[in-house]
> 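One structure, as structure tokens, below. Some questions next.
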2 protein chains.
Amino acid sequence: MPASALKEQLTEDAVDMSDLTNSVGFLTRLAQVKTYETFFEDLGEYGLRPGEYSTLLLIGRNPGIRQGVLAQTLRVKPAHMTKLIRAFEDRGHVERTIPDHDRRSVELSLTQAGRDFIEKHRTAFTKHEASLKSSLTEAELVTLKRLLRKYSGFAAEEEN
Amino acid sequence: MPASALKEQLTEDAVDMSDLTNSVGFLTRLAQVKTYETFFEDLGEYGLRPGEYSTLLLIGRNPGIRQGVLAQTLRVKPAHMTKLIRAFEDRGHVERTIPDHDRRSVELSLTQAGRDFIEKHRTAFTKHEASLKSSLTEAELVTLKRLLRKYSGFAAEEEN
DNA sequence: TCAAAACAGTTTCCTAGTAAACAATTTCAT
DNA sequence: ATGAAATTGTTTACTAGGAAACTGTTTTGA
């Protein structure tokens with residue numbers, strides 16, 4: 001993106017952003033946009049969206065997790081989780097079980113195809129997580145994550 | 001919780017999040033959600049959304065800014081900016097001007113009503129920015145903003 | 001015991017934001 | 001000059017995600 005991007009950049013640089021360069025809200029939005037762009041560059045070809053990606057990983061780590069707990073953990077609303085799960089079900093990657101001890105709830109687990117899918121793309125997943133961090137040093141990365149957790153009130157209970 | 005508590009239920013605290021607690025992507029999403037929640041608590045009563053808030057401020061700071069430059073600065077797509085601007089126009093807060101020197105473009109500025117609106121709610125705006133930061137110390141805040149800028153490739157190395 | 005309340009998930013409808021095709025204007029290469 | 005290409009913004013059609021009302025199930029309390 002040579003000459004034209006340069007011109008755009010110049011125009012953009014002239015904008016007075018003094019309200020925004022110091023706004024945590026705006027900067028987290030920038031970070032979010034960056035994350036999405038990187039995600040689609042790295043993993044878009046598998047037809048997986050960011051929310052789906054973390055949903056799948058979390059079910060894999062926590063077989064039998066209840067759907068509502070999953071939604072709460074990922075900070076999405078139950079209504080949206082219903083849609084995510086149905087899409088995974090249609091693809092044959094996730095299995096829904098209604099347990100006898102509480103027939104209101106839904107317990108989730110990966111199917112064999114779901115586990116195969118993760119395994120098949122594990123390299124790309126790992127590469128993606130690495131590329132997300134590429135612009136920071138390791139020390140900066142540790143600090144950024146700690147501050148993001150503190151800012152968002154995320155109690156990082158268990159150290160692993 | 002008598003006899004049937006044999007099956008250990010996976011509650012939120014017990015969820016294995018080892019893929020996510022170290023994912024910058026997930027943590028930026030948490031920060032984004034936190035920011036939105038705080039925004040609606042502080043400013044929701046004025047019928048203003050986060051994107052609208054920064055749009056209005058930026059036009060106020062940069063009278064005559066072109067619509068496309070504004071979109072690029074805020075990292076939203078031109079198609080969406082068209083809708084945001086139309087909403088402001090309908091409310092009588094923003095004015096669109098087609099300049100003679102390039103009749104493809106649109107130049108934006110606040111109306112008197114727009115300036116009055118900002119002035120009227122300036123206290124709430126300031127209070128909101130402060131409450132966004134409340135969970136961090138001043139030093140942590142400076143570090144967080146610096147790292148977010150670096151992570152998201154936000155050039156703006158002009159100190160103000 | 002049994003109606004009322006609470007809970008877990010779903011459905012319906014709505015908003016924020018994007019992608020792609022489009023129209024109008026300007027620029028660029030002959 | 002002039003047709004091709006690039007640009008600026010808009011329209012249309014779509015996806016991610018949320019709010020509120022709803023269904024079915026479990027718990028609670030008199």
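A note on names: the letters A, B, ... follow the listed sequences, proteins ahead of strands, and every chain is numbered from 1.
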> Mind calculating the distance between NZ (A/Lys77) and P (C/dA8) to the nearest angstrom?
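Atom NZ in A/Lys77 sits about 15 Å away from atom P in C/dA8.
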
> Rounded to whole Å, how long is the line connecting atom CD of A/Gln72 with atom P of C/dA8?
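After rounding, the reported distance stands at 9 Å.
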
> Is it the case that over 12 heavy atoms from other parts of the model lie below 6.0 angstrom from the NZ atom of A/Lys120?
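Not more than 12 within 6.0 Å, no.
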
> Which residues in residues 28-41 of chain B have a heavy atom closer than 4.0 Å to any atom of DNA chain D?
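Contacting residues: none.
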
> Is there a side-chain contact between A/Ile59 and A/Ile85 in this structure, where contact means two heavy atoms from C-beta onward sitting under 4.5 Å apart?
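A/Ile59 reaches A/Ile85 side chain to side chain.
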
> What string of B, S and - do you get for nucleotides 21-28 of chain C 5' to 3' if you count protein non-hydrogen atoms under 4.0 Å?
---BBS--

> Send over the distance from A/Arg86 CZ to D/dT15 C1', rounded to a whole Å.
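Result: 15 Å.
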
> Starting at NE2 of A/His80 and ending at C1' of C/dT12, how long is that distance when rounded to a whole Å?
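The distance from NE2 of A/His80 to C1' of C/dT12 comes to 16 Å, rounded to the nearest Å.
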
> Indicate whether the side chain of A/Thr28 and that of A/Tyr151 have a donor and an acceptor atom separated by less than 3.5 Å.
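No, no side-chain donor-acceptor pair sits under 3.5 Å.
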
> What is the ring orientation for A/Phe117 with A/His93, classed by angle as parallel under 30°, tilted 30 to 60°, or perpendicular over 60°?
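Tilted.
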
> When you measure from the side chain of B/Glu140 to the backbone of B/Thr137, do you find a donor-acceptor pair of N or O atoms at a distance under 3.5 Å?
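Yes, because the side chain of B/Glu140 sits within donor-acceptor range (under 3.5 Å) of the backbone of B/Thr137.
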
> Side-chain N or O of B/Gln67 less than 4.0 angstrom from OP1 or OP2 on D/dT10?
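Result: yes.
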
> When you compare the side chains of A/Gln112 and A/Arg115, does any donor N or O come within less than 3.5 Å of an acceptor on the partner?
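Judged by distance alone, the side chains do pair up.
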
> Does the pair B/Glu89 and B/Arg86 meet the rule for a salt bridge (Lys or Arg N to Asp or Glu O under 4.0 Å), with working shown?
CA-CA 5 Å; B/Glu89 225 187 350; B/Arg86 182 154 45 217; over 6 Å; no

> Taking atom P of C/dA8 as reference, at what distance in whole Å does atom CD of A/Glu107 sit?
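My rounded result for the distance is 12 Å.
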
> Does C/dT18 have its OP1 or OP2 closer than 4.0 Å to a side-chain nitrogen or oxygen of B/Arg75?
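No, no such contact exists.
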
> With a 4.0 Å cutoff (strictly under), does any side-chain N or O of B/Arg96 reach OP1 or OP2 of D/dT10?
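For D/dT10, OP1/OP2 do have a side-chain N/O of B/Arg96 under 4.0 Å.
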
> For B/Ser105, answer base if it contacts any base atom (sugar-phosphate contacts may also be present), sugar-phosphate if it contacts only those atoms, and nothing otherwise; contact means non-hydrogen atoms under 4.0 Å.
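Sugar-phosphate, no base atom in range.
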
> Rounded to whole angstrom units, what separation is found between the NZ atom of B/Lys83 and the P atom of D/dC14?
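Rounded to whole Å, this separation is 13 Å.
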
> Starting from P on D/dG18, measure out to CE on A/Met81 and report it in whole angstrom.
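Rounded to whole Å, this separation is 10 Å.
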
> Checking the side chain of A/Asn62 only, and the main-chain atoms of B/Asp16 only, is there a donor and an acceptor separated by less than 3.5 Å?
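Yes, the answer is positive, given that a donor and an acceptor are paired below the 3.5 Å cut-off.
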
> Using atom CD1 of A/Ile65 as one end and atom C1' of C/dA8 as the other, report the distance to the nearest whole Å.
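In whole Å, C/dA8 C1' lies 14 Å from A/Ile65 CD1.
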
> Can you work out whether A/Glu52 or A/Ala79 has the more 5'-proximal nearest nucleotide on DNA chain D?
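That would be A/Glu52.
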
> I need the A/Leu148 CG to B/Ser23 OG distance, nearest 0.5 Å.
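Between A/Leu148 CG and B/Ser23 OG, I get 10.5 Å after rounding to 0.5 Å.
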
